[in-house]
Amino acid sequence: MDRLLERAWRQRRRIALVALLSGLAWMVATGGGDPLFLLGVMAASAVASALWIGIMPAGRGMASGFALGFLLTAIVDATLLGLGTSGFYVMAIILGLVLGLFRSLIMVSLPLGKLTQAVSGRAAVAMPPAEALELLVNDEGAGDEPKWHPEVDRIERDQSEPTRVRLYMKSVAGEEAGIADVTILEHVPGKRYRASVRNVGAGKDIDGGAVTHATFEAAPHPRGALITISEENTLPAALILAMWIDDAPGDYAARFAAIVEDRPDHSFFTADHRFIEFWARLLPAPE
């Protein structure tokens, strides 16, 4: 139950989106109708998506994909085709599968340009603020064995440039690994750490050479420390929207707290990487 509630709260924006799209689909398909029944449809969609997200976190995009598929089908049915009952559901399911399974590819391909978005997330962790912050940022540029980022393979530093760090990502299914340059902008031990991260290697064309300004802060909390992670990302608009829906900084902060406190990690960050690793083991490496 804790896992379901935690994941549902983290995905509250997606669940609200699914409820809204489902309600609109029902209104378009029926031409209106009983407002109480409309609320029931939206509530049922929210509960169903919350359960799906809690059980299948790496497949959470299927929930919004299917809701959007039903809405688009309802619009087509009402304005163009007149699909009939069976045709309606066949088309809705096919669209839902396509939008859910290929959402990342579709979103990245949309010509929406770039946006800069500021987001933040926080989590309480049972250790002193100074210790928590240094432990967190140790994986962001000062350590040799990355723990918090599953995709980071190694970290290299040039002693002649103490404020510059290079991150090398793990390759997946034989693909070329990504590379990111980190410039440390500020490091106040035990209080604040700011860095600029820029993708310079493989994958830079996919995310437009993503640039992130990240700030990590620690403050006293009844539990020990309150870790706040703030990001200012300049990315393709579709990726910005996806990260906002996922509450990415909050998910990352919760993951950090779970790992250092040795308790179950229910983050979507971890679920996504487990999903990628699973398919990487099944699919043949490219020649």
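Connection of Phe70 to Val28 is established within a shared hydrophobic cluster, with ILVMFWY side chains joined at heavy-atom distances below 4.5 Å, either directly or through further cluster members. Note: the hydrophobic cluster containing Leu135 also contains Val125 (ILVMFWY, side chain heavy atoms under 4.5 Å, direct or indirect links). In the hydrophobic cluster analysis, where Ile, Leu, Val, Met, Phe, Trp and Tyr join through side-chain heavy atoms closer than 4.5 angstrom, Leu99 is grouped together with Ile245. A chain of hydrophobic side-chain contacts below 4.5 Å, direct or via other Ile, Leu, Val, Met, Phe, Trp or Tyr residues, connects Val260 to Ile229. Under a hydrophobic clustering in which Ile, Leu, Val, Met, Phe, Trp and Tyr are joined whenever their side-chain heavy atoms come within less than 4.5 Å, directly or via other members, Met27 and Leu71 fall into different clusters.
Ion pair Arg13/Asp246 not flagged as a salt bridge, since none of the NZ, NE, NH1 or NH2 atoms sits closer than 4.0 Å to an Asp/Glu carboxylate oxygen. The residues Arg223 and Glu261 are annotated as salt-bridged, a charged nitrogen and a carboxylate oxygen being separated by less than 4.0 angstrom. By the 4.0 Å N-to-carboxylate-O rule, Lys191 lies too far from Glu217 to be salt-bridged with it.
Listed for the Arg7 side chain is a donor-acceptor partner under 3.5 Å among the backbone atoms of His266. A side-chain donor-acceptor contact under 3.5 Å links Asp251 to the backbone of Phe268. Under a 3.5 Å cut-off, the side chain of Arg12 and the backbone N or O of Trp9 do form a donor-acceptor pair.
When side chains are defined from C-beta on, Arg198 does not count as touching His213, because their heavy atoms never get closer than 4.5 Å. You'll find the side chain of Asp181 stays beyond 4.5 Å of the side chain of Val197, heavy atoms only. Inter-residue side-chain proximity for Val76 and Met91 is flagged as met; some heavy-atom pair is nearer than 4.5 Å. Annotation: side chain of Thr116 is not in contact with side chain of Asn233 (no heavy-atom distance under 4.5 Å).
Residues Ile227 and Ala132 approach most closely at CD1-CB, 3.9 Å, considering heavy atoms. Across every non-hydrogen atom of Pro249 and Ser120, the tightest pair is CB-C, 3.8 Å. The minimum heavy-atom distance between Ala123 and Ala257, with the atom names listed, is CB-CB, 4.3 Å. Residues Ala67 and Leu21 approach most closely at CB-CB, 3.8 Å, considering heavy atoms.
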**OP:** Let me see the working for Gln117 and Glu231 under side chain to side chain contact (heavy atoms under 4.5 Å, CB included), right down to the final yes or no.
**Re:** CA-CA 8 Å; Gln117 176 198 50; Glu231 292 183 355; over 6 Å; no

Original post:
Between Leu97 and Met62, does a side chain to side chain contact (heavy atoms under 4.5 Å, CB included) hold up when you go through it step by step?
Top reply: CA-CA 7 Å; Leu97 286 171; Met62 293 296 297; 3.8 Å; yes

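Phe216 and Tyr193 have tilted rings, their planes meeting at an angle from 30° to 60° on a 0 to 90° scale.
Remark: Thr183 OG1 to Arg164 CZ distance equals 4.5 Å, nearest 0.5 Å. Between Asp247 atom CG and Arg14 atom CZ the span is 11.5 Å, to the nearest 0.5 Å. Atoms OG and CD, on Ser196 and Glu232 in that order, are 10.0 Å from each other to the nearest 0.5 Å. Interatomic distance, CE of Met127 versus CG of Leu133, reported as 11.5 Å (0.5 Å rounding). Atom CZ of Arg122 is separated from atom CG of Leu226 by 5.0 Å, given to the nearest 0.5 angstrom.
The side-chain contact (heavy atoms from CB on, under 4.5 Å) test with Thr73 singles out one residue from Ile93, Leu68, Val90, Leu95, and that residue is Leu95.
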Distance-only donor-acceptor pairs under 3.5 Å for side chains of residues 34-57, two or more places apart:
residue : atom : partner : partner atom : Å
Asp34   : OD1  : Leu36   : N            : 3.0
Ser45   : OG   : Ser22   : OG           : 3.1
Ser45   : OG   : Val41   : O            : 2.8
Ser49   : OG   : Ser45   : O            : 3.0
Ser49   : OG   : Ala46   : O            : 2.9
Trp52   : NE1  : Gly59   : O            : 2.9

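There is no side-chain donor-acceptor pair under 3.5 Å between Arg194 and Thr215.
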